[in-house]
Amino acid sequence: MDGAGTVRYIADQAAVVVTPLVSRIYAAAAELAGLAEHLLALQGHRYADRP
C-alpha cells in the first residue's frame, strides 16, 4: 500500500470510529437541553406558587 492509500485507509477507519461517537454526543446534548428546559419549567412553577 502506498502512502496515500495508507492515509486514506486510516482516515476511513477514523471516520468509522468517530461518526457514532459524534452521533452519541449530539444525542446527549439534545437530552441535556431537554432536561434543562424541564428544570427551568419546574423552577418557574415553583416560584409562581409563592405569594
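These values consider heavy atoms only, across backbone and side chains, with no hydrogens, waters or symmetry-generated copies.
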**Request:** Please go through Leu21's hydrophobic cluster and name the other residues, only I, L, V, M, F, W, Y counting, with side-chain heavy atoms under 4.5 Å joining them.
**Result:** Ile25

**Asked** So, do Asp12 and Val16 sit near enough that their side-chain heavy atoms are less than 4.5 Å apart?
**Response** no

**Prompt:** So, does Ser23 use its side chain to make a donor-acceptor pair with the main chain of Thr19 at under 3.5 Å?
**Reply:** no

**Request:** State whether the number of non-hydrogen atoms from other residues, nucleotides or ligands found under 6.0 Å of Glu37 atom CD is greater than 12.
**Result:** no

**Prompt:** Can you list the residues that meet the side-chain contact (heavy atoms from CB on, under 4.5 Å) rule with Val17, with sequence neighbours excluded?
**Reply:** none

**Request:** Locate the shortest heavy-atom distance separating Ala15 from Pro20; write the atom from each residue and the value.
**Result:** O-CD, 4.4 Å

**Asked** Which ILVMFWY residues can you reach from Tyr26 by hopping between side chains whose heavy atoms are under 4.5 Å apart?
**Response** Val18, Val22

